[in-house]
Amino acid sequence: MKTMIRTLLAGILFLLVVPLAVGLLLGDGGLAGSLEEGQAKLGLTGISFANKVELPETIDVWIEEEEKTVSVDFEAYVSRVVASEMPSAFELEALKAQSVAARTFAAAKIEKYQQKKPEAHPDAPVCNTTHCQVYKTEKGLIASHEDGWEEEGWKKIQKACKATKGELLYYDGEMVMQPLFFSSSGGQTENSEDVFVGAYPYLVSVSSPYEEKATHQNEETTFTLKEMKEKLQAAFPNKDFGSVTQDKIKILSRTAGGRVAQIQIGDGADSKLKGTEVRTGLGLSSTLFSISFAEGEGWNSSSPSKTKITFTSNGSGHGVGLSQYGADGMAKEGYKYKEILQHYYSGTEVY
C-alpha cells in the first residue's frame, strides 16, 4: 500500500512540476517567439553567445560640418539614424529592421574603435554622414520634414526603435560587424566580395522581390562619349583610357547579383574598369546597368563628340546587405522584422 501511495504521489508531482517548468521556459505565448523570455526566467540568457555585446549608455558622434564631437544617448542616436536613413512612411516592421541594423552598425563601430581609430574622425567611432550612417539631431529632423511630422512620423520611428531596444544581429554567436544597408537592389542583392574587399557569410546575394515601389527604376543617364571620358578622366586622373569609341566600349562581366563587375572603356592601358568605378565616376545610382548607343547630329560610330551612350540603371546604392525598399515590401507582405533581417543577412539571429 505504501509503495502504491508513493508511486501515486510521484505521478501527481510529475504532472504538477513538468507543466510548471515548461510554462516557465515557454511563457504564455507558446514556443514561437518566447524562447528568450523562458531562458531569462531560468537564468539561461546568453549561453549561446561566443561574445554577447553589452551596449553603452552613450555614443560619441563626430559632427562633420561643425568639426566637433558630441555625446548622445545610445538609443536616441539609433532612433535619429533610423529617421535620417529610412522614410517614416515605411511599414513599422521595416523601421524595426532598420533600427536593429543601425544599432548593430553603431555597436560594431564602437568595437572597432577600441582597436583602431578611423582616420576620417579619430575623436569618435561614428560620424554623422554617409561615411558611417546619417545622423541628425531631433531639431534638425523636425526642421527637414513637413509640419506635423513630429506628431506622426517621428513617433512612429520612436515606437519602432523602442520595440527593438537593445537588440543586435548575431552570426554564429558573434555580433555582425558589417550590417550594411542601402536603398534598393533592383531585385537581387550582392555578395559582399563582389563590391567590397571582404567576404562575409551573412552578406550573400539574395532575391529582393518586393521592390515595386522603389525609386530609381529604369533610370537613364546619357552622355556623349567625349563627356563620359572627361568625367571618368576627372575621377581617375592617373588612368589611361586611350581612344574611346563605340566599338571599344563593352560590358565584360557581371556579378552574382547581375551588376556590372567589369567594363571596357577605350583601348588604353587602363581601359578595363570595375562597375563600381564607373558608377562613382559617372554618378550613376547603381552598377546594375545596361548600355546603349544613339546617333547625334553629324553622327558616326567613331566620333566621340557625336556618339551618345545611355546607361539604364536599376536600384540605388551598393547592393550589399539590407535593401530598405525590399524590407518595406516584405513588411507589406506580412513579414516581421526578424524575418526581414534573416532574409537579407543570411544565417543571422536577433538578440
Side-chain angles (χ1 to χ4, degrees), residues 53 55-56 58-88 90 94-114 116-141 144-145 153-154 156-158 160-162 164-169 175-185 189-190 192 195-196 198 200 202-203 285 315-328 337 340-341 344-345 348 350:
V53 173
L55 293 173
T58 62
I59 183 172
D60 288 339
V61 184
W62 172 253
I63 308 300
E64 186 173 280
E65 61 273 18
E66 298 179 14
E67 296 188 341
K68 69 176 184 180
T69 297
V70 297
S71 182
V72 184
D73 176 86
F74 188 86
E75 288 296 330
Y77 166 81
V78 171
S79 63
R80 293 167 190 173
V81 167
V82 174
S84 303
E85 290 279 6
M86 180 175 274
S88 59
F90 276 19
L95 292 167
K96 289 179 184 178
Q98 179 68 66
S99 72
V100 175
R103 186 180 296 108
T104 306
F105 188 98
K109 285 290 187 180
I110 291 172
E111 189 165 312
K112 292 174 187 176
Y113 186 73
Q114 295 169 354
K116 184 180 179 181
K117 293 176 172 54
E119 292 182 9
H121 42 84
D123 294 332
V126 295
C127 67
N128 67 327
T129 74
T130 54
H131 176 265
C132 295
Q133 40 186 13
V134 179
Y135 165 85
K136 295 179 182 179
T137 63
E138 183 172 343
K139 182 178 179 180
L141 285 167
S144 64
H145 288 84
W154 181 224
K156 181 180 178 183
I157 287 170
Q158 289 178 307
C161 295
K162 184 178 180 180
T164 70
K165 182 178 179 180
E167 292 185 342
L168 299 171
L169 275 170
M175 182 177 66
V176 167
M177 298 302 289
Q178 296 289 347
L180 303 181
F181 53 87
F182 61 98
S183 181
S184 62
S185 74
T189 71
E190 288 280 39
S192 59
V195 179
F196 304 111
Y200 297 88
Y202 47 83
L203 294 179
S285 297
S316 177
H318 51 67
V320 180
L322 175 75
S323 165
Q324 293 171 319
Y325 272 94
D328 189 47
Y337 75 99
I340 295 170
L341 291 166
Y344 285 106
Y345 303 108
T348 61
V350 179

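The structure presented is a predicted model; accordingly, all values stated were derived computationally and were not measured.
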Worksheet entry | Within-4.5 Å side-chain heavy-atom neighbours: Val72 and Arg80 | yes

Worksheet item: Does Ile340 reach the side chain of Leu322, with side-chain heavy atoms less than 4.5 Å apart?
Response: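 Result yes, sub-4.5 Å side-chain heavy-atom pair found.
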
Residue pair [X] / [Y]: nearest heavy atoms and the distance that separates them:
{"X": "Leu55", "Y": "Ala107", "value": "CD2-CB, 3.8 Å"}
{"X": "Pro125", "Y": "Asp60", "value": "CD-O, 3.4 Å"}
{"X": "Pro56", "Y": "Phe74", "value": "O-CB, 3.4 Å"}
{"X": "Ala160", "Y": "Ser99", "value": "O-OG, 4.1 Å"}
{"X": "Ser323", "Y": "Gly326", "value": "OG-N, 3.0 Å"}
{"X": "Gln324", "Y": "Phe90", "value": "O-CE2, 3.5 Å"}

Practice prompt. Determine, step by step, whether His131 and His121 satisfy the side-chain contact (heavy atoms from CB on, under 4.5 Å) criterion, reporting the C-alpha distance in whole Å, the side-chain angles of both residues, the deciding distance to 0.1 Å, and the verdict.
Written response: CA-CA 10 Å; His131 176 265; His121 42 84; 3.4 Å; yes

Hey, what do you get for [atom1] ([X]) to [atom2] ([Y]), rounding to the nearest 0.5 Å?
{"X": "Trp154", "Y": "Glu138", "atom1": "CH2", "atom2": "CD", "result": "5.0 Å"}
{"X": "Ile157", "Y": "Leu141", "atom1": "CD1", "atom2": "CG", "result": "7.5 Å"}
{"X": "Thr58", "Y": "Ile110", "atom1": "OG1", "atom2": "CD1", "result": "8.0 Å"}
{"X": "His318", "Y": "Ser185", "atom1": "NE2", "atom2": "OG", "result": "12.0 Å"}
{"X": "Leu95", "Y": "Glu85", "atom1": "CG", "atom2": "CD", "result": "12.5 Å"}
{"X": "Glu190", "Y": "Phe182", "atom1": "CD", "atom2": "CZ", "result": "8.5 Å"}

Discussion item. Apply side-chain contact (heavy atoms from CB on, under 4.5 Å) to residues Tyr202 and Leu169 and explain how you reach the verdict.
Written reply: CA-CA 10 Å; Tyr202 47 83; Leu169 275 170; over 6 Å; no

Sub-3.5 Å donor-acceptor pair from the side chain of [X] to the main-chain atoms of [Y], do we have one?
{"X": "Ser84", "Y": "Lys136", "value": "yes"}
{"X": "Ser192", "Y": "Gly198", "value": "yes"}
{"X": "Asn128", "Y": "Glu64", "value": "yes"}

Item to complete: Considering only NZ, NE, NH1 and NH2 on the basic side and carboxylate oxygens on the acidic side, decide whether Glu75 and Arg103 come within less than 4.0 Å.
Response: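 Result for this pair is yes, salt bridge flagged.
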
Item to complete: Assess Lys117 against Tyr113: is NZ or CZ under 6.0 Å from the centre of the six-membered ring, and within 45 degrees of the ring's axis?
Response: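 Yes, Lys117 sits over the ring of Tyr113.
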
Discussion item. Counting only heavy atoms from other residues, nucleotides and ligands, does the tally under 6.0 Å from CD of Glu67 exceed 12?
Written reply: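 At most 12 heavy atoms, drawn from other residues, nucleotides or ligands, come within 6.0 Å of this atom.
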
Discussion item. With a 6.0 Å cut-off (strictly less than), is the heavy-atom count around NZ of Lys112, excluding the residue itself, greater than 12?
Written reply: yes

Discussion item. Using the rule side-chain contact (heavy atoms from CB on, under 4.5 Å), only one of Val320, Leu203, Thr189 pairs with Tyr344; which is it?
Written reply: Thr189

Worksheet entry | side-chain contact (heavy atoms from CB on, under 4.5 Å) assessment of Tyr135 paired with Trp62 | CA-CA 10 Å; Tyr135 165 85; Trp62 172 253; over 6 Å; no

